[in-house]
Structures are given as structure tokens and as C-alpha cells.
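Just so you know, ligand 1 is whichever comes first in the structure, and atom 1 is the first atom listed for that ligand. Quick note: residue numbers are just sequence positions, from 1.
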Amino acid sequence: MRNLAAKHIWYIAMHIRQFKTADTEDAVALWKRCGLIQPWNDPYQDISRKLLVQPELFLVGESNGALVATAMAGYDGHRGSVYYLAVDPNQQGKGFGAELMCDIESRLYSLGCPKLSLDVRTTNDAVVGFYQRLGYSRDNVASFAKRLIVDSKGT
Ligand SMILES: CC(C)(COP(=O)(O)OP(=O)(O)OC[C@H]1O[C@@H](n2cnc3c(N)ncnc32)[C@H](O)[C@@H]1OP(=O)(O)O)[C@@H](O)C(=O)NCCC(=O)NCCS
């Protein structure tokens, strides 16, 4: 597989590991700093649910003892997915996001996942260039969703 992050390897100092419950507050704080918390999603419930389903694909990146990145990945037997991809604003532009995505691609590939699909909010145009740089392209699809559980903080 193509490793886009390879050119960053010389100066990257991020350790990727599975999310632990003790990371919860750091992760939620990071998502707030990155603008990823939506009023209709309770991040604590999102974490609780993910810990019940493929928790090994819920990853964090640590640098100098601090949690600097997260990604919540999954594979449903047909497509892989990634949510809550976030790199601390103070640590962006160092290759951490690419490194984490490469790690996820590798894990999903090992599971036999043929394709990774992800959603980008229409209000988050800024991230489009990042995914394009990593080889992702816009699919000719409209994303449809139906909420089955309204979170306690949800609207
Ligand atoms: C998107 C995000 C994870 C990228 O993380 P990052 O660590 O800053 O990205 P990297 O440093 O690994 O960048 C990898 C490559 O993408 C490029 N890139 C990064 N952000 C970019 C952007 N907004 N537009 C164009 N290119 C971008 C980098 O220049 C780099 O290219 P290079 O290999 O030529 O140097 C980070 O900006 C973030 O957390 N954003 C807020 C949360 C968010 O929007 N998450 C995605 C939800 S869908």
C-alpha cells in the first residue's frame, strides 16, 4: 500500500495506540478544540458505543505524553469508515493526521476491507484538501442518514 506519511517519518514523534477509557476527557476536549462536537451527538455516548463495537479500531496518537490525535474507525464487512479524525490544532501540519490515516488504512486492509468511505460535513470544506492529498476522491453519492437513538444531549 502507498504510504503517504513516509516522508514524515524522520521527524514524526507520535505513538499510535488503542483508546483507553482513561483517555475520555482528553479525547472530548480535543474534539471540542477541533470543532467536531455536534449538538445532536453526545461524545460520551459515542465513546461508550464504540467501546462495545470494534474498540481495537478506536485509536489515539500520543506525543510527549499528551493525547494529540484520535480516530474512530470501523469495518462493517463491506466498507471501512473513519469518524472523529482529529489532530490537536497546535500539532497540525506535522504529518500526524496522515500517519493516523495510514495506520487505519493498514489495519482495515489487514481485515480484508476493500474500500474506506468517510463523510465530510459540508461546513468543513477546509479538510477536503487533506483527504485529497491522501488519495481520497469525492464519490458521486449523497449521504443519507436516519437517527435510531436520540442522545440525551441531542436535539
Ligand atoms: C484534518 C486534520 C486531521 C489533518 O491533520 P494534520 O496532522 O494537520 O495533517 P497532516 O500534517 O498529516 O497533513 C498531511 C498532508 O495533507 C496536507 N493538508 C493538511 N490539511 C490540509 C488542508 N486543509 N488542505 C489541503 N491540504 C492539507 C498537508 O499539507 C500534508 O501534505 P504534504 O504531505 O504535502 O505535506 C486536522 O487538520 C484536523 O484535526 N482538523 C480538524 C478536525 C477535522 O476537520 N477532522 C476531519 C473530520 S472529516
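Between Glu99 and ligand 1, no pair of N/O atoms sits closer than 3.5 Å. Close N/O approach between Val120 and ligand 1 is not found [any backbone or side-chain N/O within under 3.5 Å]. In terms of polar-atom proximity, defined here as any N/O pair under 3.5 Å, Val87 does make such a contact with ligand 1.
Using cut-offs of 30° and 60° on the angle between ring planes, the pair Tyr131 and Tyr136 is perpendicular.
Atom CZ of Arg138 has 12 or fewer heavy atoms from other residues, nucleotides or ligands within 6.0 Å. For CG of Asp76, the number of neighbouring non-hydrogen atoms (other residues, nucleotides, ligands) closer than 6.0 Å is greater than 12.
In summary, the atoms of ligand 1 found under 4.0 Å from a heavy atom of Asp119, numbered by their order in the structure, are 48 (S). Atoms of ligand 1 lying under 4.0 Å from at least one heavy atom of Ala86, given by number and element, are 39 (O). Near Lys94, meaning under 4.0 Å from one of its heavy atoms, ligand 1 places the atoms 11 (O). Under a 4.0 Å criterion applied to the non-hydrogen atoms of Arg133, ligand 1 contributes the atoms 15 (C), 16 (O), 31 (O), 32 (P), 33 (O), 34 (O). In the vicinity of Leu85, heavy-atom distances shorter than 4.0 Å reach the ligand 1 atoms 3 (C), 42 (C), 43 (C), 45 (N), 46 (C). The Gly95 neighbourhood of ligand 1 comprises atoms 10 (P), 11 (O), 12 (O), with distances under 4.0 Å to a heavy atom of that residue. Near Asn124, meaning under 4.0 Å from any of its heavy atoms, are these atoms of ligand 1: 43 (C), 44 (O), 47 (C).
Checked by atom type, the side-chain pair Gln45/Asp42 shows a donor-acceptor distance below 3.5 Å.
Summarising the geometry, atom CZ belonging to Arg107 is positioned 13.5 Å from atom CG belonging to Leu116; distances are rounded to the nearest 0.5 Å. Annotation: the span from Leu67 atom CG to Glu25 atom CD amounts to 12.0 Å, rounded to 0.5 Å.
Listed for the Gln92 side chain is a donor-acceptor partner under 3.5 Å among the backbone atoms of Val87. Thr70 contributes a side-chain N or O that, together with a main-chain N or O of Tyr84, makes up a donor-acceptor pair within less than 3.5 Å.
Nearest to atom 19 (C) of ligand 1 by heavy-atom distance, out of Tyr83, Tyr84, Tyr131, Phe130, is Phe130. Around atom 7 (O) of ligand 1, the closest heavy atom drawn from Gly97, Ala98, Ala126 belongs to Gly97.
Judged by the shortest distance from any of its heavy atoms, Leu118 lies outside the 4.0 Å radius around the atoms of ligand 1.
Between Asp151 and Arg49, at least one side-chain N (NZ, or NE/NH1/NH2) sits under 4.0 Å from a carboxylate O, which counts as a salt bridge.
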